[in-house]
Amino acid sequence: MSGIEINSVLTENRLFEPSAEFVAKARLKPDDLKALKQRAEEDYEGFWADQAREHIDWQTPFTRTLDDSNAPHFKWFSDGRMNVSYNCIDRHLEKNADKTAIIFEGEPGDTRHISYQQLHDQVCQFANALRAKGVNKGDRVVIYMPMVPEAVIAMQACARIGAIHSVVFGGFSADSLRDRIDDARAVMLITADGGTRGGKTVDLKEAADKAMSKGCESIQNVIVLKRSAHDITMQEGRDHWWSDVVDGMDSHCEPEWVNAEDPLFLLYTSGSTGKPKGIQHSSAGYLLNAIVTNLWVFDLNDDDIFWCTADVGWITGHTYVAYGPLAAGSTIVMFEGAPVIPDAGRFWKMCEQHKVTIFYTAPTAIRALMKFGDEYPNRYDLSSIRLLGTVGEPINPEAWMWYHTVIGKERCPIVDTWWQTETGAHVLSPVPGVTVTKPGSCTFALPGMDVDIVNEEGESITEANTGGYLVIRKPWPSMVRTVWGDDQRYIDTYFPKFGGRYYLAGDSARRDEDGYFWIMGRIDDVLNVSGHRLGTMEIESALVSHKAVVEAAVVGRPHDVKGEAIVAFIICQNERPVGEEAEKMVAELRNWVGEQIGAIAKPDDIRFADGLPKTRSGKIMRRLLRTIAAGEEITSDISTLENEAVVAQLQGET
Ligand code: PRX
């Protein structure tokens, strides 16, 4: 197994019990959790059927819970009909029309409060505008927007009319946007003239224009939100301002009652090979896990103010911003900007100002803010916070303890949630009023989730602290349905081992002597940089598409803030550049990758050599490259290498 191990967690034994105060008010007490787990164990399908009846409003109730006749393409609640947007908005209107659904803060500090009634009206108007522009049920709509309420409105409007959205993170480049539009054959693009992040304007429309300048033939219309005062060009007939298309639209829009299995959205994510794949999610099953995990893990109650800092371009921004908390009738905070603008106190200032009760972010943000010192959080009143969460990557105990003491004031449970784009919602996580946590462990499987760690033969590993493949043995409602347009890739990626019986997560993990799960890293060539998933192959192919590069190998190296940093080893067409020439080339290649994929994929470190270390069969020795990238001593045998001198070059010594 070639997983990247984060070993700092190995000796962590501290235990943290939820406070009596938290337990007293918690939605799930130990007996409730036990009852849920027991029900799921005794009657798995019955358990999910109960949950689906309790938490989803159906237009046509389902009679069939799980259909596994075409496994591993599973169907849930497949003869039921419902609408996700109706479940997120309309059903709250009778009692909670005036309740705030979204508290928005822009990077410059502008704020807006949007009630459920206002959200309903704006979603309906926009949904009517989409219909008026010819968008039909099942059509794909790409959303490439800043983190503003209109991004959620656009997603909800697609859901309302049964169109399938594909949100592309605003940090992705024109080329990445084009690939995703073309793969999905999207008929519409929704974007903005620009967004503000880190004090700069993000040129979304310019990137969109570049994407559409070659390719993107399927796009018929582009809707552009005016967010910045940025000068852009609008193409007559194709491009329309958001404000114009909603003008005069009815604030009522009959929801399209879709089949439970109709796709709600695609979300492209990186894998170990080739281009990113379009993860396809269903409507009802997806929504169900989104709702129950918000209730179980975030303990969401009527008076909570929930802030998940993820961008809607990622799965976390789907399940814990745009859908789950709204379906649970909660109030969410959305923030457009960067956490250090104007200074490293921004998150904490916002927590105080908006009286945030539940705060959910990535370890990378915690580590970055921790570095600025305690004085920033200590300036603000954080007493409204009652629960903290983390997601996206392993959290090191040091960051966990800082979060616990400096932000949570030792009062707030921390939920370390393990899940993936493909799982749709939390899988392994503490239940905050029940689970005794250990810093760095995502603890146990949630009710209805049959998670195991197995060996190469698919046998459960019962020995404590022995690593193996993390698998999910039974299907669950919010699981990925397929890879858009490529059923075979879905099977090959997620069910390649163990006779196709188990979903293979792609992570390695171990269980300690108390049965706690610890994620050890990926088993494939996927990097986790600041909680974002990037395929090494994807970055390598971007690099080799540069005319000066003949070969490239990309590996990760541990990084104290980002989790992993990207290191690229390059063989050039011409002579190996050195000195100033090498510096110029590094800058050029970093920009090139930024253009091909996006700024998040720019290598942190680029080294040039005359050759790459390969095995006799010609495979790049990635493990050796990782050792070199980390600056560690080489202990493996390299005497068989054809050109030992390259090792010194790769180490940057010559
Ligand atoms: O390696 C695991 C890591 O992030 C991967 C999923 O990435 P993505 O689909 O982009 O979704 C991120 C947000 C859910 C996983 O395969 N990962 C996610 N959460 C954790 C984690 N690693 C350790 N601990 C976590 N809590």
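One-based numbering, in listed order, for ligands and for the atoms of each. By convention here, the first residue in the shown sequence is residue 1.
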Q) For ligand 1, which atoms sit closer than 4.0 Å to a heavy atom of Ile519? A) 22 (N), 23 (C)
Q: For the residue pair His318 and Tyr323, categorise the inter-ring angle as parallel (less than 30°), tilted (30 to 60°) or perpendicular (more than 60°).
A: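 Tilted: the ring planes of His318 and Tyr323 meet at 30° to 60°.
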Q. Tell me, which protein residue and heavy-atom name are nearest atom 12 (C) of ligand 1, and how many Å apart are they?
A. Gly392 CA, 4.2 Å
Q. At a 4.0 Å cut-off, with the gap strictly under it, does some heavy atom of Cys442 reach an atom of ligand 1?
A. no
Q | Separation between CZ of Arg346 and CD of Glu105, rounded to the nearest 0.5 Å | A |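 Separation between the atoms: 4.5 Å.
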(Q) Out of all atoms in ligand 1, which are within 4.0 Å of some heavy atom of Val391? Include the element for each. (A) 13 (C), 14 (C)
Q | Stepwise side-chain hydrogen bond (donor to acceptor under 3.5 Å, both in side chains) check, Arg411 with Ser19 | A | CA-CA 7 Å; Arg411 285 183 296 108; Ser19 68; over 6 Å; no
Q: With heavy atoms only and a cut-off of under 4.0 Å, state how Thr421 meets ligand 1: side chain, backbone, both or neither.
A: both
Q. How does Glu393 reach ligand 1, by side chain, by backbone, by both or by neither, if only non-hydrogen atoms under 4.0 Å count?
A.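 For Glu393, only backbone atoms sit under 4.0 Å from ligand 1.
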**Q.** Residues Phe347, Trp307; criterion ring-ring contact (aromatic ring centres under 6.0 Å, His included); working and verdict
**A.** CA-CA 10 Å; Phe347 273 4; Trp307 185 12; 5.0 Å; yes
Q) N/O of Thr417 under 3.5 Å from N/O of ligand 1, yes or no? A) yes
Q) Nearest protein heavy-atom contact for atom 15 (C) of ligand 1: which residue, which atom, what distance? A)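 Answer for atom 15 (C) of ligand 1: Asp507 OD2, 3.4 Å.
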Q) With under 30° as parallel and over 60° as perpendicular, where do the rings of Phe169 and Trp314 fit, or are they tilted in between? A)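 Tilted, since the angle between the ring planes falls between 30° and 60°.
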Q. When the ring planes of Phe306 and Phe298 are compared, do they come out parallel, tilted or perpendicular, using 30° and 60° as the limits?
A. tilted
Q) Can you find an N or O of Thr269 that's nearer than 3.5 Å to an N or O of ligand 1? A) no
Q.
Return the closest protein heavy atom for atom 7 (O) of ligand 1 as residue, atom name and distance.
A. Arg533 CD, 3.2 Å
Q) Nearest protein heavy-atom contact for atom 13 (C) of ligand 1: which residue, which atom, what distance? A) Thr316 OG1, 3.5 Å
Q: Could you tell me which residues satisfy salt bridge (charged side-chain N to carboxylate O under 4.0 Å, His left out) with Asp311, sequence neighbours excluded, listed by chain and number?
A: none
Q: Around atom 6 (C) of ligand 1, find the nearest protein heavy atom and jot down its residue, atom name and distance.
A: Trp419 O, 3.7 Å
Q) Quick one: which of Asp299, Asp304, Thr331 gives a side chain to side chain donor-acceptor pair (under 3.5 Å) with Thr357? A)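 So the option named by the test is Asp304.
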Q) Mind checking whether Tyr494 and Tyr503 have parallel, tilted or perpendicular rings, split at 30° and 60°? A)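 Ring orientation of Tyr494 relative to Tyr503: parallel.
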Q.
Under 3.5 Å between any N/O of Thr390 and any N/O of ligand 1: does that happen in this structure?
A.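 There is no such contact.
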Q | Nearest-0.5 Å distance that lies between atom OH in Tyr144 and atom OG in Ser176 | A | 8.0 Å
Q | Heavy-atom gap Gly506 to ligand 1 smaller than 4.0 Å | A |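 Heavy atoms of Gly506 never come under 4.0 Å of ligand 1.
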Q | ligand 1 contact on His532 by region, counting heavy-atom pairs under 4.0 Å | A |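 Near ligand 1, His532 shows nothing, with every heavy atom at 4.0 Å or more.
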**Q.** Atom indices of ligand 1, in the order listed, that fall short of 4.0 Å to a heavy atom of Asn528
**A.** 3 (C), 4 (O)
